[in-house]
Amino acid sequence: MSGIAGILGKPDKARIVRMLEQQAHRGPDGRGIWTATAGFGLGHVRLATVDVAGGGQPLSNEDGSLWLAMTGAIYNHGALRRELEGRHAFRTQSDAEVVVHLFEEYGPACVERLDGMFAIAIWGEEVGLFLARDPLGIQPLYWGEDEEGNVLFASEIKALVGETRFVREFPPGHRWRAGEPLEPYERLPAHTGELADPDQIVLALDRLLHAAVRKQLAADVPVGCLLSGGLDSSLVTAIARQHAEGELHTFAVGLEGSADLEQARMVAGELGTIHHERVLTEKEVTAVLPRVVDALESCDPALVRSAVATYYVAELAAGHVKVVLSGEGADELFAGYDYLTEFERDAGALGAELYEITAAMHNCNLQRVDRMTQVHGVEARMPFADQAVVDFAFRIHPRLKRRDGESKWILRRGAEQYLPPAIVWREKQKFAIGSGIAQLLEHYAAEAVPDAAFRRARSPKGLPFASKEEFLYWSLFRERYGREDVLALMGRSRSLNQGQRWVGAL
């Protein structure tokens, strides 16, 4: 995934170095900085997954009139390269070089040709600065201005805190050219719900998931799967097992005796993967909280809980692979969360809620997966977040997603051909709950936070905290990111525990 940083205005190389240093974990494989005399500077830290030897950034077009740095992965870069090769001289095999040549031909419209996850910065003396972010916001991008009016941007919030007067999120599915308005180029499709034949839906969805997994397995480094033993990660792993060349590694974490560890072992055994697991201790879970909140750039309780599990499973994976596939996105698209039972009798309301939580993934679960994998130098890819899968999911009637009290009903129907019934029809559990971490942290906060301090505490909104756990995470967050503009960037989870609609104080 890598990380980018840049300045439009005074190209202060020392500032770019500072911004890159704050997100150095995103790029263990290389670092590059390029500055122009005309008022621009660009930096990049690299996590190499394509053209490992030759794909360093920032990189330019043939005559050096355009310079680019990007994060992410462009899955159709091979087809785009073949289209462009007759008209451009390629120096690398990287997907990033395809983007810079595509911009030469199509300008800002080039992003409409990209299939993948990305945050892109392109600069040229004639075209100025161009920024763009993928439609779902899988790749992060933030920006702000300093007191002198310079525009700064980076992949993580921490790179801009201390450098700008405020930090804003560059919105998903938008592009911007300096001197022009911020422009949406792709929005989530409306939840039409026009498809209602289960058999036809299962066949079409299966084809789309296979295509998504197959293209996301493509890399010049080893690829594995995060496997919690739940439906989503198990289905991704089952499909990946069919397309992976050679052995496939899977990774799971949890407390001793947790459901996730047991279920992941079962799935790995059924699919014949090389399975790795780490049994966590209470001390490990609680001791890592400051590090997790710092890396996560959020103190949302549900997100922090799951981030602890993701932190450790990414650390485990980093010892064996450089890219992992994750089941993230299925709950939002196919109605996996327990609180959605309140919408079961109103298909229109359910469809609207799924649209809203999918649109908010960029600063909730997608942010969690990005930050927790990147802190260990691992790139996460999410087949359910593939644009074709997302588009199709919003065409499925909501009643097929939550049916007879069963979450993700249509997805479970499709998974029956790959997985045993005990996995397919396993009750949905949040990652943090299935791993045992949620229960542990709730108990830990109850003991660690003094009653008197909790009663006195108030959130920035002046409200009493909803739980000691929320207060604990806020205290850690405030030490590092105690600014109102940063708190405003934080996503808020809909639920915390099974059957609970979460309404926090932040």
Does the [X] side chain pair with the main chain of [Y], one donor and one acceptor, at a distance under 3.5 Å?
X: Thr250; Y: Cys225; value: no
X: Arg91; Y: Ser60; value: yes
X: Asn61; Y: Leu66; value: yes
X: Asp115; Y: Asn76; value: no
X: Gln23; Y: Gly3; value: no
X: Glu85; Y: Ala89; value: no
X: Arg133; Y: Gln139; value: yes
X: Ser326; Y: Ala380; value: no
X: Arg46; Y: Val52; value: yes
X: Thr373; Y: Asp370; value: yes

Taking only residues two or more places apart in sequence, or in another chain, which ones meet [X] in a salt bridge (Lys or Arg N to Asp or Glu O under 4.0 Å)?
X: Glu297; answer: Lys158, Arg371
X: Arg82; answer: none
X: Glu353; answer: Arg494
X: Glu83; answer: Arg113

Out of curiosity, [X] [atom1] to [Y] [atom2], how far, rounded to the nearest 0.5 Å?
X: Glu97; Y: Leu59; atom1: CD; atom2: CG; value: 6.0 Å
X: Ile7; Y: Ile16; atom1: CD1; atom2: CD1; value: 4.5 Å
X: Tyr142; Y: Leu160; atom1: OH; atom2: CG; value: 10.0 Å
X: Met117; Y: Asp134; atom1: CE; atom2: CG; value: 8.5 Å
X: Cys364; Y: Glu328; atom1: SG; atom2: CD; value: 10.5 Å
X: Gln242; Y: Leu248; atom1: CD; atom2: CG; value: 11.5 Å

Problem set entry | Worked verdict on Glu156 versus Arg26 for salt bridge (Lys or Arg N to Asp or Glu O under 4.0 Å) | CA-CA 10 Å; Glu156 295 192 5; Arg26 299 186 71 90; 2.8 Å; yes
For this session: Apply ring pair (Phe, Tyr, Trp, His ring centres under 6.0 Å) to Phe90 and list each qualifying residue two or more places apart in sequence or on a separate chain.
Result: His101
Exercise. What residues, two or more places apart in sequence or in another chain, satisfy ring pair (Phe, Tyr, Trp, His ring centres under 6.0 Å) together with Tyr311?
Worked result: His376
Taking side chain to side chain contact (heavy atoms under 4.5 Å, CB included) as the definition, give me every residue that meets it alongside [X], ordered by chain and number, with sequence neighbours left out.
X: Ala415; result: Leu231, Leu235, Leu419, Val424
X: Val486; result: Ile157, Val161, Phe477, Tyr481, Arg483
X: Glu163; result: Arg15, Arg18, Met19, Leu152
X: Arg478; result: Trp474, Ser475

Any side-chain heavy-atom pair from [X] and [Y] closer than 4.5 angstrom?
X: Arg402; Y: Phe343; answer: no
X: Leu205; Y: Leu411; answer: yes
X: Phe334; Y: Asp232; answer: no
X: Arg168; Y: Asp485; answer: yes
X: Ile120; Y: Phe103; answer: no
X: Phe170; Y: Leu182; answer: yes
X: Trp409; Y: Leu400; answer: yes
X: Glu112; Y: Arg175; answer: yes

Exercise. Taking atom CD of Glu125 as the centre, does the number of heavy atoms from other residues, nucleotides or ligands within less than 6.0 Å exceed 12?
Worked result: no
For this session: Decide if atom CZ of Arg165 counts as having more than 12 heavy atoms of other residues, nucleotides or ligands within a radius under 6.0 Å.
Result: yes
Closest non-hydrogen atom pair between [X] and [Y], with its separation:
X: Leu303; Y: Ser298; value: CD2-OG, 3.7 Å
X: Leu325; Y: Ala240; value: CD1-CB, 4.2 Å
X: Asp331; Y: Lys408; value: OD1-NZ, 2.8 Å
X: Pro135; Y: Gln387; value: CB-OE1, 3.4 Å
X: Ala219; Y: Val223; value: CB-CG2, 4.0 Å
X: Ala69; Y: Gly43; value: CB-O, 4.2 Å

For this session: Could you please spell out the steps behind the side-chain contact (heavy atoms from CB on, under 4.5 Å) verdict for Glu21 and Arg31?
Result: CA-CA 10 Å; Glu21 194 58 40; Arg31 180 180 301 190; 3.1 Å; yes
Problem set entry | Pairs meeting criterion salt bridge (charged side-chain N to carboxylate O under 4.0 Å, His left out) with involvement of residues 382-395, two or more places apart | Glu194-Arg395, Lys215-Asp386
Between [X] and [Y], does any side-chain N to carboxylate O distance fall below 4.0 Å?
X: Lys322; Y: Asp29; value: yes
X: Arg81; Y: Asp95; value: no
X: Arg87; Y: Glu104; value: no

For this session: Would you please classify the geometry between the Trp34 ring and the Phe40 ring as parallel, tilted or perpendicular, with 30° and 60° separating the classes?
Result: tilted
Exercise. Does the side chain of Gln93 come under 3.5 Å of the side chain of Asp220 through a donor N or O and an acceptor N or O?
Worked result: no
Problem set entry | Intermediate values then yes/no, side-chain contact (heavy atoms from CB on, under 4.5 Å), Val292 and Thr310 | CA-CA 10 Å; Val292 164; Thr310 311; over 6 Å; no
Exercise. Does Lys401 count as lying over the ring of Tyr337, i.e. NZ or CZ under 6.0 Å from the six-ring centre, within 45 degrees of the axis?
Worked result: no
Exercise. Among pairs that include at least one residue of residues 146-166, which meet ring pair (Phe, Tyr, Trp, His ring centres under 6.0 Å), considering only residues two or more places apart or in two chains?
Worked result: none
